[in-house]
Amino acid sequence: MRPVGSKYLLEEPLGRGATGTVWRARQRETAGAEAAVAGQPGETVAIKVLKEELANDADVVMRFLRERSVLLRLTHPNIVRTRDLVVEGDLLALVMDLVDGPDLHHYLRDNGPLSPVAASLMTAQIADALAASHADGIVHRDLKPANVLLKTDADGQMHPMLTDFGIARLADSPGLTRTHEFVGTPAYVAPESAEGRPQTSAVDIYGAGILLYELVTGRPPFAGGTALEVLHRHLSEEPRRPTTVPEPLWTVIERCLRKEPGERPSAENLARGLRTVAAGIGVHSNAAQVDAALGVAALLAPDPAPAPVPETPGAADPTQVLPNTGGAPAFDPSAATSVMPQTGRPGGGADPTSVMPPVPPGDGPRPEEPHPWQSQLRAARDRNEQTQVQYLDPSQDPLRRRPQRQAPPPQPPQYQQRPPQRPQPQPYPPQPQRHQPQPYAPPQAPPQQPRPPREPRRRSANPVRIPGLGCLKGCLVMIVLFFIGGWLIWELTPLQGWIAEGKSYWDAIGDGITNVTDWISQLAEAKDTADQIQNQQ
């Protein structure tokens with residue numbers, strides 16, 4: 001177990017994401033007044049420990065402390081509640097309620113897509129959570145199935161719980177992102193985020209439309225081999241209606257996926273429209289509910305005042321008026337303009353013109369930095385420049401030239417003792433520095449090192465040799481072949497009969513020719529006799 005602060009103990013990791021690791025933790029003691037939920041000793045909670053690059057950024061730490069009140073007051077039945085924020089050295093952590101259930105991404109992968117009615121009702125609850133956060137000025141900016149946890153009640157019903165609101169809020173640090181960059185996943189990012197345009201709460205509506213499409217089909221509408229290809233399809237392509245999606249539900253999806261943010265509905269209207277569609281596309285829907293579902297487009301009015309994404313950390317926080325605790329009268333906006341007291345010289349003269357300190361060069365206006373896509377391409381190009389292609393002399397190519405043997409150096413007499421030779425270091429070409437391209441030039445050939453002399457072959461311990469051993473083996477083989485061939489001739493030919501009759505070789509040949517000649521003559525006589533009989537008839 002690892003302690004986090006003085007009140008929590010980490011037990012085991014539950015999952016890892018792009019911004020940190022989620023741990024199952026246990027509360028050691030009751031939290032103080034700075035926490036939204038005091039809790040009880042031994043209570044199980046979930047703690048998300050942010051990555052080191054976030055914890056080491058001073059802007060993120062300051063924003064972490066500044067957003068404490070905003071994150072702790074964000075409560076909704078469909079939002080995972082943030083209980084406490086922990087800052088300890090180089091560690092930043094969010095203490096949240098523990099939801100014992102899978103996220104929506106793993107649920108879809110294991111069980112397949114939902115029915116149109118179930119997908120509409122689940123997305124309506126997520127839209128309720130977005131409406132509550134947008135009313136508080138918080139934009140999620142990374143709405144996807146992996147950030148939706150499924151909580152099972154005692155009656156067995158599952159309810160979506162939207163999480164990671166604080167991470168999207170803290171990721172707006174200037175040290176990590178810029179205003180024209182998007183925060184989120186390419187498959188769920190809105191077109192204005194990909195183009196670097198100003199972002200509002202409409203980016204969450206676009207993400208809700210993609211999530212709804214994935215719930216009923218099992219996949220997002222825009223996919224590709226690379227992130228740039230996916231972003232290009234978000235900007236240039238329109239989604240296609242699958243055959244399994246009813247017409248009223250497709251009207252909602254198409255309105256959420258509009259390229260222009262001003263044409264998308266508000267989160268509150270989206271929830272109302274989805275519940276109307278769910279009531280009109282069910283098997284038990286009446287005629288009035290079906291007509292209301294077909295006319296759902298009238299309910300999807302855009303948000304007249306969308307919540308903006310702050311350009312600088314804390315820009316969206318309203319100015320707070322401190323309570324009047326002194327004896328001075330309260331501030332009256334209708335009062336006359338008051339004259340500030342004299343702060344100049346005692347004699348009543350005006351203050352001299354003061355010279356402002358010089359402005360450091362780094363604090364002036366900076367040129368616009370490159371787009372994140374250009375930064376990614378530049379980083380990839382720098383990685384590729386580490387491998388340099390240089391000219392290779394054909395004489396140095398080991399695949400084209402033959403190895404040349406060199407005569408061994410003369411060996412000293414045996415009675416002389418060789419001095420010990422130290423191995424000479426081999427010269428290696430200098431490695432090119434990173435991010436610096438090297439000119440193409442033929443490499444210098446390394447000096448040829450003399451090869452060590454070959455050791456003489458060791459003679460066999462038995463110097464006796466048998467001359468003609470190879471010829472003897474050939475003779476023995478030929479003898480065996482002649483023996484087998486003679487046996488086959490003796491058994492398979494009439495040689496035995498000829499020898500028994502006492503005939504010579506030429507007599508046997510002559511008898512054979514005589515027999516063949518007599519047989520042919522008999523055939524000719526038989527043919528002539530048959531012809532004569534036929535002519536007489």
Side-chain angles (χ1 to χ4, degrees), residues 74 76 78-79 119-144 162 165 168 179-180 182-184 188-216 220-222 233-241 245-281 291-311 315-316 318:
L74 184 60
H76 189 269
N78 296 110
I79 295 179
S120 301
L121 294 177
M122 181 170 292
T123 310
Q125 298 183 58
I126 297 175
D128 291 337
L130 293 176
S133 65
H134 294 170
D136 211 354
I138 300 177
V139 183
H140 193 284
R141 301 174 65 190
D142 195 15
L143 181 59
K144 57 184 178 182
L162 194 54
F165 271 97
T179 305
H180 60 272
F182 66 86
V183 176
Y188 304 90
V189 71
E192 61 268 25
S193 301
E195 290 182 335
R197 292 183 289 168
Q199 305 172 37
T200 62
S201 56
V203 299
D204 289 346
I205 304 301
Y206 189 88
I210 295 183
L211 185 143
L212 179 58
Y213 185 98
E214 187 172 0
L215 288 181
V216 294
F222 304 111
R233 297 188 65 182
H234 278 288
L235 297 174
S236 59
E237 294 187 10
E238 296 292 339
R240 298 181 180 179
R241 175 189 172 185
V245 178
E247 181 180 354
L249 185 58
W250 179 249
T251 302
V252 179
I253 296 176
E254 188 273 334
R255 187 67 64 89
C256 292
L257 298 183
R258 292 286 180 88
K259 305 301 181 183
E260 291 298 327
E263 299 178 0
R264 302 170 197 158
S266 63
E268 184 177 358
N269 294 336
L270 175 61
R272 184 184 301 109
L274 286 173
R275 289 187 172 92
T276 303
V277 170
I281 62 177
D291 293 340
L294 293 175
V296 69
L299 302 178
L300 303 177
D303 192 353
V309 173
E311 296 184 2

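One is the number of the first residue; the rest follow in order along the sequence.
When all heavy atoms of A267 and A131 are compared, the pair lying nearest together is CB-N, 3.6 Å. In terms of heavy atoms, S120 sits closest to V277 at OG-CG1, 4.3 Å. Contact record, L121 with A278: CD2-CB, 3.6 Å, taken as the closest heavy-atom pair. Closest approach of L143 and G207 over heavy atoms only: CD2-C, 3.8 Å. Nearest heavy-atom pair across F222 and K259 is CZ-NZ, 4.1 Å. For the residue pair P221 and I210, the shortest heavy atom distance occurs at CD-CG2, 3.6 Å.
Within the 3.5 Å criterion, the main-chain N or O of L300 finds a donor-acceptor partner in the side chain of R255.
The only option from N269, T276, L274 that meets the side chain to side chain contact (heavy atoms under 4.5 Å, CB included) definition with L299 turns out to be T276.
For residues 120-131, the pairs satisfying salt bridge (Lys or Arg N to Asp or Glu O under 4.0 Å) are D128-R275, with sequence neighbours left out.
Counting heavy atoms from C-beta outward, L270 and V252 have side chains that approach closer than 4.5 Å. The side-chain heavy atoms of P191 and R197, taken from C-beta on, include a pair separated by under 4.5 Å. Residues P261 and V203 fail the side-chain proximity criterion, which asks for heavy atoms closer than 4.5 Å. By the 4.5 Å heavy-atom criterion applied to side chains, P248 and I281 are counted as neighbours. Side-chain contact check for P220 versus E214: some heavy-atom pair is nearer than 4.5 Å. Side-chain contact between R233 and L235 is absent, with no heavy-atom pair separated by less than 4.5 Å.
With sequence neighbours excluded, no residue forms a salt bridge (charged side-chain N to carboxylate O under 4.0 Å, His left out) with D303. Partners of Y206 according to the ring-ring contact (aromatic ring centres under 6.0 Å, His included) rule, which considers only residues two or more places apart in sequence or in another chain, are H234.
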Apply side-chain contact (heavy atoms from CB on, under 4.5 Å) to residues Q199 and V139 and explain how you reach the verdict.
CA-CA 9 Å; Q199 305 172 37; V139 183; over 6 Å; no
Would you check, one step at a time, whether the test side-chain contact (heavy atoms from CB on, under 4.5 Å) holds for L212 with C256?
CA-CA 10 Å; L212 179 58; C256 292; over 6 Å; no
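Ion pairing of R258 with E254 is present here, as a side-chain N (NZ or NE/NH1/NH2) and a carboxylate O approach within less than 4.0 Å.
Under the 3.5 Å distance criterion, with hydrogens and angles disregarded, no donor-acceptor pair is assigned to the side chains of D204 and S201.
Note that CG of N78 is 10.0 Å distant from CE of M122, once rounded to the nearest 0.5 Å.
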